[in-house]
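The structure appears right after this line, and notes come after that.
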Amino acid sequence: MEQVLLGICDDQPEVLCELQKMLCGICDEIGLNNEICAFSDGHELLEQIEQFQVVFLDIEMPQMDGIELGKQIKEKNPGCKIVMATGMVERFKEAFQIRALRFVTKPFVRDEVKEALEAAVEGIFFTKSIEVYAGRNKYELPEEKIAYIRAYDSYAEFYIGEKKYRRKCSLDELEGKLETKLFVRINREVIVNLQWVQQEEKGKIRVKEELFQVSRRRRKEFEQKFIEFDLKYRKMFWG
């Protein structure tokens with residue numbers, strides 16, 4: 001299995017330490033290749049959220065509680081699986097607002113945490129990474145994090161979150177390399193990631209804050225792939 005990046009967020013250092021040790025042990029037990037990052041502040045987690053596949057969030061935190069944090073996570077990284085933790089069982093129903101995958105109680109019960117982690121990992125849709133550049137720096141971007149790709153001169157520009165990266169290649173070259181379940185070319189200049197398509201109407205689609213026109217020649221292919229993605233794969237990203 002490919003590496004899974006886990007994030008945990010709790011304002012209590014001792015709780016963070018306990019959960020991190022527990023998750024490390026569980027990952028070793030189930031043979032999960034992982035990296036775990038701990039955060040005591042939700043704003044710090046949000047700055048890096050695009051790289052995480054699974055996060056464990058405490059509901060009760062002073063600056064930004066887990067529900068509000070979860071809402072922002074789903075906006076920035078819809079494929080991220082959220083597991084909510086709380087000592088107040090009555091707050092579990094609030095977590096339905098953010099489509100939390102699982103709930104665990106505090107103090108933590110190992111079997112409960114293990115079941116939640118296994119459920120989250122099972123639903124991860126793994127894709128390859130692609131080499132891109134920002135300035136002179138090289139990066140490896142997970143394909144599922146890319147919202148859309150736009151042709152620019154002899155380059156392709158990759159948009160992820162509010163950041164932009166480049167690679168010297170054509171869209172024709174990329175079409176043969178990208179995950180076909182996720183990506184579809186909509187016109188001569190743009191390839192979109194179907195999980196980020198927010199609406200489609202009369203040949204126009206919205207991806208993040210951008211509005212794109214699907215060419216008439218590619219409209220049938222786009223509609224077929226969009227329907228297939230909705231039926232088979234969207235739940236893997238949105239929980």
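The stretch residues 163-191 participates, sequence neighbours left out, in these ring pair (Phe, Tyr, Trp, His ring centres under 6.0 Å) pairs: Y139-Y165. Sorted by first and then second residue, the ring pair (Phe, Tyr, Trp, His ring centres under 6.0 Å) pairs with a member in residues 49-83 read F39-F52; sequence neighbours excluded. Counting only residues at least two apart or in different chains, ring pair (Phe, Tyr, Trp, His ring centres under 6.0 Å) contacts with residues 10-30 are absent. Sorted by first then second residue, the side chain to side chain donor-acceptor pair (under 3.5 Å) pairs that include residues 147-161, not counting sequence neighbours, are S154-K168, E157-Y159, E157-R166.
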Which donor-acceptor pairs under 3.5 Å do side chains of residues 13-22 form with protein atoms, sequence neighbours excluded?
none

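Side-chain atoms of E112 and T105 form a donor-acceptor pair, as typed in the model, at a separation below 3.5 Å. Residues Q224 and E228 have side chains that never bring a donor and an acceptor to within less than 3.5 angstrom of each other.
Residues A147 and V207 share a closest heavy-atom pair of O-CG1, 3.7 Å. For the residue pair V104 and A116, the shortest heavy atom distance occurs at CG1-CB, 4.0 Å.
Taking CD1 of I49 as the reference point, atom NE2 of H43 lies at 13.5 Å (rounded to 0.5 Å).
Ion pairing between K181 and E179 holds under the 4.0 Å rule for side-chain N and carboxylate O.
The environment of CD in Q51 is crowded: more than 12 heavy-atom neighbours from other residues, nucleotides or ligands sit within 6.0 Å.
With sequence neighbours excluded, the residues satisfying salt bridge (Lys or Arg N to Asp or Glu O under 4.0 Å) with E131 are K138. Remark: D28 engages no residue in a side-chain hydrogen bond (donor to acceptor under 3.5 Å, both in side chains) (not counting sequence neighbours). For the side-chain hydrogen bond (donor to acceptor under 3.5 Å, both in side chains) test, no residue two or more places apart in sequence or in another chain qualifies with Q12. With sequence neighbours left out, the side-chain hydrogen bond (donor to acceptor under 3.5 Å, both in side chains) criterion links K164 to no other residue. Listed by chain and number, the residues in a side-chain hydrogen bond (donor to acceptor under 3.5 Å, both in side chains) with E115 are R102 (sequence neighbours excluded). Applying the salt bridge (Lys or Arg N to Asp or Glu O under 4.0 Å) test to K106 and every residue at least two apart in sequence or in another chain returns D10, D58. With sequence neighbours left out, the salt bridge (Lys or Arg N to Asp or Glu O under 4.0 Å) criterion links R110 to E29.
Looking only at side-chain heavy atoms (C-beta outward), I130 and L178 come within less than 4.5 Å of each other. In this structure, L117 and V83 have side chains that are not in contact, with every pair of non-hydrogen atoms separated by 4.5 Å or more.
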